[in-house]
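Because the structure is predicted, anything quoted here is derived from the model rather than measured.
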Amino acid sequence: MRERVRVSIGGTQIRLRFSNEFGSSPLLIGSATVAVPIDGTTVKAGSIRSVTFEGQNSITIPPGAPALSDPIAFPVNPGGEVSVSIYFPKRIATPTLHAFAFKHAMVSPRGDFTHAEKVDAAAVSTASISVSAVLVPVQSSERLVVAFGDSITDGDGSTVDADNNWPSNLIRRAAKAPKASTLAVVNEGIVGNRLLRDGDIFGVSALARFERDALALPGVTHIVLLEGINDLCFPGAKMGDQYLADPAEIRSAQDITDAYRQLISRAHTRGFKVIGATITPCEGVEIAGYYSEAKEVTRQAVNNWIRSSGSFDGVIDFDAVLRDPDHPNRLLLKFASKDHLHPNDKGYKAMADSIDLNLFK
């Protein structure tokens with residue numbers, strides 16, 4: 001597998017975090033390399049570096065566990081891309097993957113091609129597998145913002161390979177700001193994620209994954225929380241003949257805000273600040289039953305709480321940025337993707353542009 005990852009800040013070396021946390025059997029990595037990508041299949045000549053684990057080229061990761069590589073002498077620039085090539089000698093029955101990475105990855109023919117500059121693709125995917133983080137050495141002046149959310153943080157509706165989700169746009173914007181300190185941004189968005197319930201194909205709940213995906217990240221200082229729309233809208237919504245959630249599983253505004261309070265309390269015990277982001281509108285979405293007037297009333301109540309409760313350390317009003325002023329239950333057409341649920345590239349940029357960078361001081 002050859003996939004690409006874009007970093008937010010630079011460093012003189014990197015470490016990779018590989019994951020078998022959702023695997024049901026041991027994961028054997030036969031070899032892995034990093035390189036400077038030219039495209040999804042080709043890397044820059046002379047840039048390939050081996051990845052090792054306690055000095056070994058191979059590692060077996062137990063089910064439920066991650067593995068951290070040794071430091072790799074591979075300088076990266078802020079906003080730069082890293083190509084990661086992984087050889088799996090054995091079939092992977094239950095991979096840990098990012099199903100909606102919105103970035104083309106290449107699956108090679110059988111064999112170890114991790115040291116090849118160009119690999120002919122046997123298949124192409126927009127999912128990424130096993131790699132869950134790229135780390136660089138921390139500097140005292142750096143702040144790490146975790147963008148924690150669902151598909152609207154993951155970047156659904158944006159152009160594939162363009163890195164146009166709102167966290168990536170925030171990275172580019174922060175890079176142009178005065179350099180009193182450096183802002184790193186980590187995208188921990190998962191399509192379909194909910195605060196209060198796991199999903200068969202959408203991963204574990206926000207309450208369950210918060211420790212791993214936010215609190216445990218080295219160097220974190222701030223968390224931007226954009227979650228809740230799927231808790232409100234999944235019940236009774238249908239894709240084909242399947243409900244996204246039981247129609248009886250209606251969530252109240254208090255259900256959502258109580259979950260927010262839990263996440264805020266858990267972050268505050270670590271000394272991290274949590275910035276609340278308002279839930280964006282979704283009338284006109286193509287998924288049958290996803291939107292209703294009753295659900296809209298609850299969304300408005302939740303947003304009013306986010307804005308006025310004082311529970312968060314700051315507020316980002318994405319709802320105000322994206323809504324149609326003449327029809328505030330809907331996304332403004334110029335910011336909406338085809339499904340009328342997710343922003344398009346312009347919408348994601350508008351979200352990032354609206355954020356007050358002083359929130360992260």
J.: In sequence, state the C-alpha distance, the side-chain angles, and the governing distance for V146 and L217, and then conclude on side-chain contact (heavy atoms from CB on, under 4.5 Å).
T.: CA-CA 9 Å; V146 180; L217 298 181; 3.7 Å; yes
J.: Test of understanding: clusters of I, L, V, M, F, W, Y form through side-chain heavy atoms closer than 4.5 Å, transitively. Do F360 and W166 belong to the same one?
T.: yes
J.: Any ion pair linking R209 and E227 (charged N to carboxylate O, less than 4.0 Å)?
T.: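 So E227 pairs with R209 through a salt bridge.
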J.: Treating S47 as the side-chain partner and V43 as the backbone partner, does any N or O pair qualify as donor plus acceptor under 3.5 Å?
T.: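 The answer is no, because no donor-acceptor pair under 3.5 Å joins these two groups.
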J.: On a heavy-atom basis, which atom in P37 and which in E81 lie closest, and how many Å separate them?
T.: CD-O, 3.4 Å
J.: Examine the side chains of H104 and D39 and answer whether a donor and an acceptor come within less than 3.5 Å of each other.
T.: no
J.: Strictly below 4.0 Å, N to O, side chains only: are K349 and D353 in salt-bridge contact?
T.: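 Salt bridge: yes.
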J.: Main chain of G79, side chain of R6: is a donor-acceptor contact present, judged purely on distance under 3.5 Å?
T.: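 Confirmed, R6 side chain pairs with G79 backbone.
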J.: Stepwise, does the salt bridge (charged side-chain N to carboxylate O under 4.0 Å, His left out) test hold for D324 with R330?
T.: CA-CA 6 Å; D324 184 340; R330 296 185 179 185; over 6 Å; no
J.: Under 4.5 Å between side-chain heavy atoms, hopping through other hydrophobics if needed: is there a path connecting W305 to I223?
T.: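 Yes; tracing contacts between hydrophobic side chains, which count when under 4.5 Å, links both residues.
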J.: Quick check: does any side chain N or O of E188 sit under 3.5 Å from a backbone N or O of A214, one acting as donor and the other as acceptor?
T.: no
J.: Determine, for R270 against E211, whether the closest basic-nitrogen to carboxylate-oxygen distance falls under 4.0 angstrom.
T.: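 Yes, this pair counts.
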J.: Please determine whether side-chain contact (heavy atoms from CB on, under 4.5 Å) holds for the pair L27 and T60, giving the CA-CA distance in whole Å, both sets of side-chain angles, and the decisive distance to 0.1 Å.
T.: CA-CA 5 Å; L27 173 66; T60 298; over 6 Å; no
J.: Can you tell me if N169 uses its side chain to pair, donor with acceptor, with the backbone of N165 under 3.5 Å?
T.: yes
J.: Do the side chains of L341 and Y291 get nearer than 4.5 Å, heavy atoms only?
T.: no
J.: Hey, is the main chain of L195 close enough, under 3.5 Å, to the side chain of N230 for a donor-acceptor pair?
T.: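 The answer is no, because no donor-acceptor pair under 3.5 Å joins these two groups.
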J.: Does the R15 side chain pair with the main chain of S69, one donor and one acceptor, at a distance under 3.5 Å?
T.: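 Judged by distance alone, yes, a pair lies under 3.5 Å.
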J.: In this structure, is the centre-to-centre distance between the rings of F148 and F210 below 6.0 Å?
T.: yes
J.: Given side chains that start at C-beta, do those of P167 and V185 come closer than 4.5 Å, heavy atoms only?
T.: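 Yes, close enough: below the 4.5 Å cut-off.
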J.: Taking the six-membered ring for Trp, is the centroid-to-centroid distance between F335 and Y348 below 6.0 Å?
T.: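 Ring centroids of F335 and Y348 are no less than 6.0 Å from each other.
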J.: Using every non-hydrogen atom in the two residues, find where A174 and L357 come nearest and quote the distance to one decimal.
T.: CA-CD1, 4.5 Å
J.: How far apart are the closest heavy atoms of P137 and E142, and which atoms are they?
T.: O-OE1, 4.0 Å
J.: Check whether any side-chain heavy atom of D156 lies under 4.5 Å from a side-chain heavy atom of F100, and answer yes or no.
T.: no
J.: Which distance, rounded to the nearest 0.5 Å, do you find between the CZ of R49 and the OG1 of T33?
T.: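 The OG1 atom of T33 is 10.5 Å from CZ of R49, to the nearest 0.5 Å.
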J.: How many angstroms lie between CD1 in I306 and CD1 in I316, if you round to the nearest 0.5 Å?
T.: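 With rounding to 0.5 Å, CD1 (I306) is 11.0 Å from CD1 (I316).
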J.: Determine whether the side chains of T114 and S85 contain a donor N or O and an acceptor N or O closer than 3.5 Å.
T.: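 Per modelled atom types, T114 and S85 side chains form no pair under 3.5 Å.
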J.: Between S265 (side chain) and R261 (backbone), is there a donor-acceptor pair under 3.5 Å?
T.: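 The answer is yes, because a donor-acceptor pair under 3.5 Å joins these two groups.
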J.: Take a 6.0 Å sphere around CZ of R197 and say whether it holds more than 12 heavy atoms from other residues, nucleotides or ligands.
T.: no
J.: Can you establish whether the number of heavy atoms outside L68 located under 6.0 Å from its atom CG is more than 12?
T.: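 Check passes, neighbour count above 12.
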J.: Could you check whether any side-chain heavy atom of I275 comes within less than 4.5 Å of a side-chain heavy atom of F312, counting everything from C-beta outward?
T.: no
J.: In terms of side-chain geometry, is the basic nitrogen of E283 or K295 positioned less than 4.0 Å from the acidic oxygen of its partner?
T.: no
J.: Could you check whether any side-chain heavy atom of P281 comes within less than 4.5 Å of a side-chain heavy atom of R299, counting everything from C-beta outward?
T.: yes
J.: Can you confirm whether more than 12 heavy atoms, excluding those of K103, are under 6.0 Å from its NZ atom?
T.: yes
J.: Is there a donor-acceptor contact under 3.5 Å from the side chain of N187 to the main chain of T153?
T.: yes
J.: Report yes or no: does N77 contribute a side-chain atom to a donor-acceptor pair with the main-chain N or O of G80 at less than 3.5 Å?
T.: no
J.: With respect to T278, which candidate in D319, D317, N304 satisfies the side chain to side chain donor-acceptor pair (under 3.5 Å) definition?
T.: D317
J.: If I take atom CG from residue D161 and atom OG1 from residue T126, how far apart are they, to the nearest 0.5 angstrom?
T.: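 One gets 9.0 Å once the value is rounded to the nearest 0.5 Å.
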J.: In this structure, would I9 and F74 fall into the same cluster of hydrophobic residues linked by side-chain contacts under 4.5 Å?
T.: yes
J.: Can you confirm whether the side chains of R17 and S132 place a donor and an acceptor under 3.5 Å from each other?
T.: yes
J.: Going through the distances and angles, do L333 and H340 end up as a side-chain contact (heavy atoms from CB on, under 4.5 Å)?
T.: CA-CA 8 Å; L333 188 59; H340 297 282; 4.2 Å; yes
J.: Is there a donor-acceptor contact under 3.5 Å linking the side chains of S252 and Q254?
T.: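 Side chains of S252 and Q254: no pair found under 3.5 Å.
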J.: To the nearest 0.5 Å, what is the distance between CD1 on I279 and CG on L226?
T.: 7.5 Å
J.: Are V297 and I250 linked, directly or through intermediate hydrophobic residues, by side-chain heavy-atom contacts shorter than 4.5 Å (ILVMFWY only)?
T.: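 No, I250 does not connect to V297 through the hydrophobic network.
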J.: Please examine the side chains of L16 and V84, heavy atoms only from C-beta on, and report whether any two atoms are closer than 4.5 Å.
T.: yes
J.: Which heavy atom in L28 sits nearest to a heavy atom in P89, and how many Å separate them?
T.: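 Shortest heavy-atom separation between L28 and P89 comes out as O-CD, 3.5 Å.
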J.: Can you measure from CD1 (I14) to CD1 (I72) and round to the nearest 0.5 angstrom?
T.: 4.5 Å
J.: Any donor and acceptor pair, going by atom type alone, linking the side chain of D198 with main-chain N or O of S205 inside 3.5 Å?
T.: yes
J.: Using 30° and 60° as the class boundaries, would you call the ring planes of F234 and F202 parallel, tilted or perpendicular?
T.: tilted
J.: Testing the basics here: between D345 and S158, what is the closest heavy-atom pair and its distance to 0.1 Å?
T.: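 The pair with the smallest heavy-atom distance is OD1-CA, 3.2 Å.
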J.: Within a 6.0 Å radius of atom NZ on K118, are there more than 12 heavy atoms belonging to other residues, nucleotides or ligands?
T.: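 Correct, the count exceeds 12.
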J.: When hydrophobic residues are tied together by side-chain contacts of less than 4.5 Å, even through go-betweens, does F53 share a cluster with I92?
T.: yes
J.: Under the side chain to side chain donor-acceptor pair (under 3.5 Å) rule, what do H115 and S50 come out as? Steps first, then yes or no, please.
T.: CA-CA 8 Å; H115 285 82; S50 293; 3.1 Å; yes
J.: If you define the side chain from C-beta out and look only at heavy atoms, does anything of M351 sit under 4.5 Å from L322?
T.: yes
J.: If I take atom OG1 from residue T257 and atom CG from residue N303, how far apart are they, to the nearest 0.5 angstrom?
T.: 11.5 Å
J.: Looking at D120, I want to see if its CG is surrounded by more than 12 non-hydrogen atoms of other residues, nucleotides or ligands under 6.0 Å.
T.: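 Atom CG in D120 is not packed in, count stays at 12 or less.
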J.: Considering non-hydrogen atoms only, spot the tightest contact between D154 and F102 and give its length.
T.: O-CD1, 3.7 Å
J.: Yes or no on side-chain contact (heavy atoms from CB on, under 4.5 Å) for V107 and V124, after CA distance, side-chain angles and deciding distance?
T.: CA-CA 6 Å; V107 184; V124 177; over 6 Å; no
J.: Would a 4.5 Å heavy-atom cut-off, applied to side chains only, mark F88 and I86 as touching?
T.: yes
